[in-house]
There are 2 protein chains.
Amino acid sequence: MIDHESESSLTRGDLARATGCNIETIRYYEKTGLLPDPPRSAAGYRIYSAAHATRLRFILRARKLGFSMEDIRGLMGLDDGAAPTCAEVKERTERHLADVRAKISDLRRIESVLAATASRCSGAEVPNCPVLDAISGN
Amino acid sequence: MIDHESESSLTRGDLARATGCNIETIRYYEKTGLLPDPPRSAAGYRIYSAAHATRLRFILRARKLGFSMEDIRGLMGLDDGAAPTCAEVKERTERHLADVRAKISDLRRIESVLAATASRCSGAEVPNCPVLDAISGN
DNA sequence: TCTTGAGCCTGTAGCTACTACAGACCCTAC
DNA sequence: GTAGGGTCTGTAGTAGCTACAGGCTCAAGA
């Protein structure tokens with residue numbers, strides 16, 4: 001049913017294996033519009049092309065970089081129909097970069113609190129726990 | 001109906017204001033067992049005590065430190081009924097600390113990729129976008 | 001040709017940690 | 001008495017997936 005000679009005709013399972021994406025996630029991206037609805041075989045099977053694989057790989061890389069699905073929609077020009085300008089992409093990226101940096105500094109603060117309290121803890125079976133005390137307030 | 005003199009008789013709204021917690025979140029913590037079911041007034045209104053406030057503050061601080069609700073259940077001894085030993089608390093904290101550090105290093109890698117690609121971008125309205133190229137897989 | 005097992009199809013439910021309603025009740029102050 | 005706030009319940013929504021169930025289809029082997 002599907003021509004496996006021509007490299008560019010893939011089932012959903014093929015696409016999943018080719019990109020390392022979970023097979024259900026592909027359907028999810030289709031449902032949410034990140035991936036276009038692919039053509040179907042007579043029996044209703046999705047038929048993907050190399051273009052779909054490229055697009056999916058783009059999405060997966062962007063997700064790995066922490067872009068939200070909404071961000072990605074913007075990066076791909078799905079929000080207003082037109083391909084985004086370079087300036088728009090840069091702006092989105094910088095906003096996202098700022099978010100990432102904010103998250104890092106949050107986590108660093110958390111890290112130092114956790115490290116400090118954990119190190120004060122003997123690990124012995126004593127009544128007073130410095131960790132719980134630290135969380136409880138002071 | 002509720003004695004507002006004695007500081008330790010609080011409605012849900014009072015508790016929310018006193019702790020800075022969203023009022024709905026209190027109900028959610030009750031539903032999931034992090035907060036015990038409080039006694040009720042004749043009309044069915046929840047009546048909280050100072051002990052509830054203390055416990056809620058503990059939960060909120062732990063959440064701010066990034067502990068999951070499951071972690072917190074453990075820290076409060078709600079999983080096996082008994083108060084956790086200091087060693088258990090220390091172990092949980094160190095595991096969580098390791099998670100936090102892993103997240104930080106992930107984000108730092110992401111940060112450097114984003115910073116590098118964004119800086120290469122002129123912001124001009126040119127056809128080739130270094131950001132998109134970077135995501136697309138160089 | 002028949003069968004078997006793998007793959008695909010759909011819809012739906014689950015996860016975390018909340019948040020936000022709607023519609024009904026209650027309580028206080030004027 | 002009534003207006004307004006507060007509270008009650010249940011339910012649905014958020015992001016970003018993931019995991020089924022129950023049914024169909026396809027390819028390979030006997």
Side-chain angles (χ1 to χ4, degrees), chain A residues 1-5 9-35 37-48 52 56 58-75 78 96 99 103 106 110, chain B residues 1-5 9-35 37-48 52 56 58-76 78 96 99 103 106:
Chain A
M1 142 230 175
I2 286 184
D3 177 10
H4 273 273
E5 305 297 298
S9 207
L10 307 162
T11 65
R12 189 152 58 104
D14 291 339
L15 183 59
R17 271 183 300 277
T19 58
C21 182
N22 181 295
I23 191 165
E24 294 294 317
T25 304
I26 294 171
R27 197 157 62 102
Y28 174 66
Y29 287 159
E30 180 181 324
K31 198 179 73 182
T32 56
L34 283 192
L35 275 179
D37 291 8
R40 302 287 185 125
S41 74
Y45 282 29
R46 290 167 178 82
I47 303 171
Y48 294 103
H52 287 100
L56 178 53
F58 178 92
I59 296 166
L60 294 173
R61 287 221 187 76
R63 288 289 304 127
K64 262 195 193 156
L65 289 174
F67 284 102
S68 69
M69 288 175 63
E70 200 46 48
D71 288 335
I72 295 172
R73 237 183 290 280
L75 290 175
L78 294 177
H96 178 47
D99 286 354
K103 239 176 238 163
D106 279 359
I110 288 171
Chain B
M1 142 229 174
I2 284 186
D3 176 11
H4 273 274
E5 304 298 298
S9 207
L10 308 161
T11 65
R12 188 151 61 102
D14 292 337
L15 183 59
R17 271 182 299 275
T19 58
C21 183
N22 181 296
I23 191 166
E24 294 294 318
T25 303
I26 295 171
R27 197 157 62 102
Y28 174 67
Y29 286 159
E30 181 182 322
K31 199 180 73 182
T32 57
L34 283 191
L35 276 179
D37 291 8
R40 302 286 185 127
S41 73
Y45 282 28
R46 291 167 180 81
I47 304 170
Y48 294 103
H52 287 100
L56 179 52
F58 179 92
I59 295 166
L60 294 173
R61 287 222 187 74
R63 289 287 307 126
K64 260 194 194 159
L65 288 174
F67 285 101
S68 70
M69 289 176 61
E70 199 45 48
D71 288 334
I72 295 171
R73 238 182 289 281
L75 290 175
M76 297 195 303
L78 294 177
H96 177 48
D99 287 353
K103 239 175 241 165
D106 278 0

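Residue numbers begin at 1 in each chain, while the letters A, B, ... track the order of the sequences.
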Going by side-chain hydrogen bond (donor to acceptor under 3.5 Å, both in side chains), name the residues that satisfy it together with B/His52, two or more places apart in sequence or in a different chain. B/Ser49

Any residue meeting side-chain hydrogen bond (donor to acceptor under 3.5 Å, both in side chains) with A/Arg12, in chain and number order, not counting sequence neighbours: none

Those residues at least two apart in sequence (or on a different chain) that pass side-chain hydrogen bond (donor to acceptor under 3.5 Å, both in side chains) with A/Thr32 are none

Who pairs with B/Arg63 by salt bridge (Lys or Arg N to Asp or Glu O under 4.0 Å), at least two apart in sequence or on another chain? none

A/Thr25 meets the side chain to side chain contact (heavy atoms under 4.5 Å, CB included) criterion, sequence neighbours left out, with A/Cys21, A/Asn22, A/Tyr29

Of all residues at least two apart in sequence or in a different chain, which pass the ring pair (Phe, Tyr, Trp, His ring centres under 6.0 Å) check with B/Phe67? B/His96

Just by distance, do the side chain of B/Asp14 and the backbone of B/Thr11 share a donor-acceptor pair under 3.5 Å? yes

Along nucleotides 7-17 of chain C, 5' to 3', which nucleotides get a B, which get an S, and which get a -, given that the test is a protein heavy-atom distance under 4.0 Å? BSSBBB----B

May I have the distance from A/Ile26 (atom CD1) to D/dT18 (atom P), rounded to whole angstrom? 11 Å

Let me check the geometry of the helix from C/dT1-D/dA30 to C/dC30-D/dG1. What is the bend angle between the axes at its two ends, five pairs each, to 10°? 30°

Would you please name every residue forming a salt bridge (Lys or Arg N to Asp or Glu O under 4.0 Å) with A/Asp99, sequence neighbours left out? none

